[in-house]
Amino acid sequence: MNQSNELFQRARKVIPGGVNSPVRAYGSVGMTPRFIEKADGPYIYDADGRKYIDYIGSWGPMILGHNHAEVLEAVVRKAEKGLSFGAATEIEVEMAEFICEHIPSVEMVRMVNSGTEAVMSAIRAARGYTGRDKIVKFSGCYHGHSDALLVKAGSGVMTAGIPDSAGVPVGCTQDTLTAVYNDLESVKALFEQNPKQIAAVIVEPVAANMGVVLPKEGFLQGLRELCDKHDAVLIFDEVITGFRLAFGGAQELFDVKADLVTYGKIIGGGMPVGAYGGKREIMEMVAPVGSVYQAGTLSGNPVAMAAGITQLRKLKEEPDIYTQMDENAGHLFEEMSKLLEKYEKPWRFNHIASLGCMYFTSADVTNYEEAKAADTKEFAMYFRFMLDHGIHLAPSQFEAMFVSYAHTEETTQETLRVFEEYLKQA
Ligand code: KE4
């Protein structure tokens, strides 16, 4: 592993922590990060030529697998016509029409360049639309790194948001209230204590940034009803779940319509893309037609659109992709759970569709407090063992395993073989 070592030494001299996004530094598992040279299908190859079965998939975008021929071809063809114009293009219209046609809650959509930007913009649109300042998020949910969303979990329901990062003025978080995931009472209390002041509730409909935590029966519908009752905007942050849990994402799977939805990852096919969209009356608040300002040099970039729309069209035209992917993922996750029982490990395994997470805790995980009880040192040993044996997992207990359409019964069997080897020595 000398190439990754050398590259990491070089990187740390010129990039903070040697990475362009913190989780890639393997900080919580105490290892030198693998530098990846190439990828194909379910596999990635590091700078030392080692091959891994990949369960990060660029944190979600690579749902068809890496280096998908049709996506790559679309990118090359579009790039040959020019990389970026800073002007309107037909493919942006095609992307917007596609999303509006296939996502019932979306009447208008704006493309941006990341999930962070999508969420930041959706929050601003909701505030502009309602004329209210406060927002509600949930402990353990991550919505990108915009100031208002980098808040510590408020200790009490009245606690105004306390910045969870240096450099974020308290003024940016004081209007961010924090509720408990899967606890509708905590949301009701916030509405009662902040009457007519809450612009929006934003939620990951399946939380995938505290590991994977599923919404309890009625939770999402309950949020819908509370937002209706209090004239607040319900925002589903589907940056991870969008076009993954089903083609229509969590809105389809749980049959709950959000007022605004944010996307990223899959809609870019691996290129930098985010989007926010929803009710026309809210989206028409956005410049240049409305008074909510938002802009971006590379928003709707034609090459990125080509990657994204090619991937989305394939997902739409071949619904068996979800059937096969979810069956394969379900088989993997169920067999891993059975191995935990076989080796009498009390650990918990949460999973849904092609998302899963094993928690090193013996209690159910239904919210952030319960997720935080997991033994992160045990996780680090698990991660290291799996990586050393060719399985590339997210380097944190509080991330998800992403299974793609390119994963097969063969990759499942190999993963289970390595997992059993780990359990034998754990
Ligand atoms: P980006 O700005 O990273 O494109 O998206 C932010 C974001 C927004 N909403 C949700 C639900 C998200 O999961 C994310 C980003 N996800 C992380 C993975 N947990 C990205 C990985 C990273 O930060 O490097």
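Just follow the structure's listing: the first ligand is 1, and inside any ligand the first atom is 1.
- Judged by distance alone, with hydrogens and angles left aside, the side-chain atoms of K134 form no donor-acceptor pair with the main-chain N or O of L190 at under 3.5 Å.
- The salt bridge (charged side-chain N to carboxylate O under 4.0 Å, His left out) check on E37 picks up nothing, with sequence neighbours excluded.
- Note on D388 versus R34: salt bridge recorded, some NZ/NE/NH1/NH2 to OD/OE distance being below 4.0 Å.
- Put simply, the residue from Y359, F419, F360 that forms a ring-ring contact (aromatic ring centres under 6.0 Å, His included) with W347 is F360.
- For Y26, the ring pair (Phe, Tyr, Trp, His ring centres under 6.0 Å) partners two or more places apart in sequence, or in a different chain, are F383.
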Do any side-chain atoms of residues 262-282 form donor-acceptor pairs under 3.5 angstrom with protein atoms, and if so which ones, sequence neighbours left out?
residue	atom	partner	partner atom	Å
T262	OG1	D237	OD1	3.0
K265	NZ	W59	O	3.2
Y276	OH	Q294	OE1	2.8
K279	NZ	D259	OD1	3.1
E281	OE1	Y129	OH	2.5

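- Contact residues for ligand 1 (protein heavy atom closer than 4.0 angstrom to any ligand atom): S21, V23, W59, S114, G115, T116, Y142, H143, G144, E204, N209, D237, V239, I240, K265, E399.
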